[in-house]
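Worksheet: one structure, shown below.
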Number of protein chains: 2
Amino acid sequence: MRLLIVEDEKRLALSLAKGLTAEGYAVDVVHDGLEGLHRAGEGVYDLVVLDIMLPGMNGYRVCAALRAAGHDVPILMLTAKDGEYDEAEGLDTGADDYLTKPFSYVVLVARIKALLRRRGTGGPSPVISLGAIEIDTAARRVHRDGSEVTLTAKEFAVLEQLATRAGTVVSKAEILEHVWDFAYDGDPNIVEVYISALRRKLGATLIKTVRGAGYRLESR
Amino acid sequence: MRLLIVEDEKRLALSLAKGLTAEGYAVDVVHDGLEGLHRAGEGVYDLVVLDIMLPGMNGYRVCAALRAAGHDVPILMLTAKDGEYDEAEGLDTGADDYLTKPFSYVVLVARIKALLRRRGTGGPSPVISLGAIEIDTAARRVHRDGSEVTLTAKEFAVLEQLATRAGTVVSKAEILEHVWDFAYDGDPNIVEVYISALRRKLGATLIKTVRGAGYRLESR
DNA sequence: CCTCGACGATCAGCAGGCGCATGGGGATCA
DNA sequence: TGATCCCCATGCGCCTGCTGATCGTCGAGG
């Protein structure tokens, strides 16, 4: 699950990025509106946190431009409470939710999860069930034969990526793209390491290797 | 679905055009940067494949000019691997994706499909059914009379190529061009080797030899 | 109807690449 | 400062992909 934060207050941006990374999301940060538009346009993000007051291009215009280009990525807007910009305008341009500064971190995380849940399954069930394995994406917990398995943040992110596309082959490049952030430039071997860890914890049969193509999670 | 190819290497351009036409896209080709800019500016294309080294006007400038004029058509850039031009610069000018020569045809098609999908328009149906044989392109699985047949990456690629054009004759040269790199110049016998392997796994009757012309997959 | 040449099919063997496992070092958090 | 997590590096084994040689088949022409 990969997020983009477009926020020019460096301290706030850093703080959000750290917290969300700890939650298990892959987080990229940009400080400029135009840059934010380009990155969000890549289509690899599952959600965009978008400040309104930005250098380069303000948040409303970024949001409107994304929607005009046909992107339906969930957008959570941030704004200062003091007039000039207001909620209605934000929602008008196509934002999915809206938060007024200052806000508490837990509220932000709750809103993000709500938006992702809304997009993810459409229904109220954030639990993906695959044979003996159950994945609760909201609680970030995994059960095997009823007993809980503890996964690290990255392990969970890789599993989630495979699970949301269960039954189809996901290439190593795609996993890298969605789980790691854009600063990462390392060995694709890292994916194999995490696949290996997941197999050790969840059983060897769950994840199938498709040589030369990627990995596939059986849908049942 | 209409594509524009801006590429001055005539052989490569022709080859791409033929292959993509076979995939079901309508393809136009121009060999000059300025001409490419004009055509792309007409706004009738769903995607532009844009080489960087071009007579008239180089690819970066074409791309930048299109973006400056407000066009958001997806752009896939092509470039030779040897320095001077680099990825970052391409993406900076507003390209959506980027491919280094030499690249394999299947990779190119995958990127094109990914870009088009990102824009909301879906690709063709992933499951191809031919009599007793079923090909699931997303899961990379093939079933014969209901039971799964395991194919290697290359075997699958050859089969996929034949299947997308089921009922028509596909020449050995076309298969070579589409499945192997453009740079590949080995023994064309390799195609026969893979046809042989596919017949062994899927039954001898599925793939018909058209002597002197190529192979044909019966559509049912 | 037979012969011959060209094209296609198949097989075995080899080298290289891909995927997997493992251990260690660096960063981060309590 | 200890524990955990993440990433990198290395080595190894197996499978894949390709080559080259041989065998089979088709079709034309005498």
Side-chain angles (χ1 to χ4, degrees), chain A residues 2 14-15 17-27 105 140 142 149-159 161-162 169-176 179-216, chain B residues 104 106 140 142 149-162 169-176 178-181 183-216:
Chain A
R2 193 164 160 185
L14 189 66
S15 154
K18 280 181 71 175
L20 290 167
T21 301
E23 296 275 339
Y25 300 106
V27 180
Y105 176 75
R140 306 196 82 72
V142 177
V149 179
T150 50
L151 299 183
T152 71
K154 279 276 191 290
E155 285 166 2
F156 189 90
V158 171
L159 177 62
Q161 180 60 31
L162 287 169
V169 171
V170 184
S171 75
K172 267 182 276 206
E174 285 173 307
I175 295 174
L176 270 179
V179 174
W180 278 262
D181 54 50
F182 66 73
Y184 183 79
D185 177 35
D187 200 325
N189 168 276
I190 190 67
V191 175
E192 293 161 18
V193 172
Y194 279 91
I195 294 289
S196 173
L198 285 171
R199 282 177 175 153
R200 189 164 2 98
K201 292 184 175 180
L202 301 174
T205 57
L206 183 69
I207 302 172
K208 254 199 127 179
T209 302
V210 183
R211 197 170 232 268
Y215 298 94
R216 183 181 58 224
Chain B
S104 87
V106 286
R140 295 195 88 75
V142 177
V149 179
T150 50
L151 298 183
T152 72
K154 278 276 192 289
E155 285 165 3
F156 190 90
V158 171
L159 177 61
E160 197 174 25
Q161 178 59 31
L162 286 170
V169 174
V170 184
S171 76
K172 267 184 277 203
E174 283 174 306
I175 295 173
L176 267 181
H178 298 166
V179 175
W180 279 262
D181 288 355
Y184 183 83
D185 68 333
D187 197 335
N189 167 271
I190 191 68
V191 175
E192 291 158 17
V193 171
Y194 279 92
I195 295 290
S196 170
L198 286 172
R199 281 177 175 151
R200 180 161 29 85
K201 292 184 176 182
L202 301 174
T205 58
L206 183 70
I207 302 172
K208 259 201 124 173
T209 302
V210 182
R211 210 180 170 78
Y215 299 94
R216 184 180 59 228

(Q) Working note: A:E192 + A:N189, criterion side chain to side chain contact (heavy atoms under 4.5 Å, CB included); need CA distance, chi angles, decisive distance, verdict. (A) CA-CA 5 Å; A:E192 293 161 18; A:N189 168 276; 3.4 Å; yes

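- Regarding contacts with the backbone of D:dC6, every side-chain N or O of A:W180 stays at 4.0 angstrom or more from both OP1 and OP2.
- Among all heavy-atom pairs drawn from A:G212 and B:A153, the shortest one is CA-CB, 4.4 Å.
- Of all heavy-atom pairs between B:V179 and B:Q161, the closest is CG2-CB, 4.3 Å.
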**Q.** Steps toward side chain to side chain contact (heavy atoms under 4.5 Å, CB included) verdict (B:V142, B:T150)
**A.** CA-CA 7 Å; B:V142 177; B:T150 50; over 6 Å; no

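- Scanning for salt bridge (Lys or Arg N to Asp or Glu O under 4.0 Å) contacts around B:R140 gives an empty result, with sequence neighbours left out.
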Expected rows: protein N/O vs nucleotides 14-16 of chain D N/O, under 3.5 Å:
none

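- Listed by first and then second residue, the salt bridge (Lys or Arg N to Asp or Glu O under 4.0 Å) pairs that reach into residues 202-216 of chain B are B:R216-B:E218, sequence neighbours excluded.
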With 3.5 Å as the limit, what N/O pairs link the protein to nucleotides 9-13 of chain C?
residue : atom : partner : partner atom : Å
C:dA9   : OP1  : B:R199  : NH1          : 2.8
C:dA9   : OP1  : B:T209  : OG1          : 2.7
C:dA9   : OP2  : B:Y215  : OH           : 2.5
C:dA9   : N7   : B:E192  : OE1          : 3.2
C:dT10  : OP2  : B:S196  : OG           : 3.0
C:dT10  : O4   : B:N189  : ND2          : 3.3

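- Rounded to whole Å, the distance from CD1 on A:I190 to C1' on C:dG24 is 14 Å.
- Closest non-hydrogen pair, A:D181 versus A:A26, comes out as N-CB, 4.4 Å.
- Atom CZ in B:F156 sits about 18 Å away from atom C1' in D:dG17, given to the nearest Å.
- Rounded to whole angstrom, the span from the NZ atom of A:K201 across to the P atom of D:dT4 amounts to 12 Å.
- The bend of the helix from C:dC1-D:dG30 to C:dA30-D:dT1, defined by the angle between the axes of its first five and last five pairs, stands at 30° to the nearest 10°.
- Summarising the geometry, the separation between CG on A:D187 and P on C:dG19 is reported as 12 Å, rounded to the nearest angstrom.
- Looking only at distances, a side-chain donor or acceptor of A:E155 sits under 3.5 Å from a matching main-chain atom of A:T152.
- Counting to the nearest Å, the C1' atom of C:dG8 and the CD1 atom of B:I207 are 14 Å from each other.
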Q: Could you walk me through whether B:V210 and B:Y215 pass the side chain to side chain contact (heavy atoms under 4.5 Å, CB included) test, one step at a time?
A: CA-CA 5 Å; B:V210 182; B:Y215 299 94; over 6 Å; no

Q: Evaluate the criterion side chain to side chain contact (heavy atoms under 4.5 Å, CB included) for residue pair B:L202 and B:I207; output intermediate values, then yes/no.
A: CA-CA 9 Å; B:L202 301 174; B:I207 302 172; 5.7 Å; no

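- Shown here are the ring-ring contact (aromatic ring centres under 6.0 Å, His included) partners of B:Y194, two or more places apart in sequence or in another chain: B:W180.
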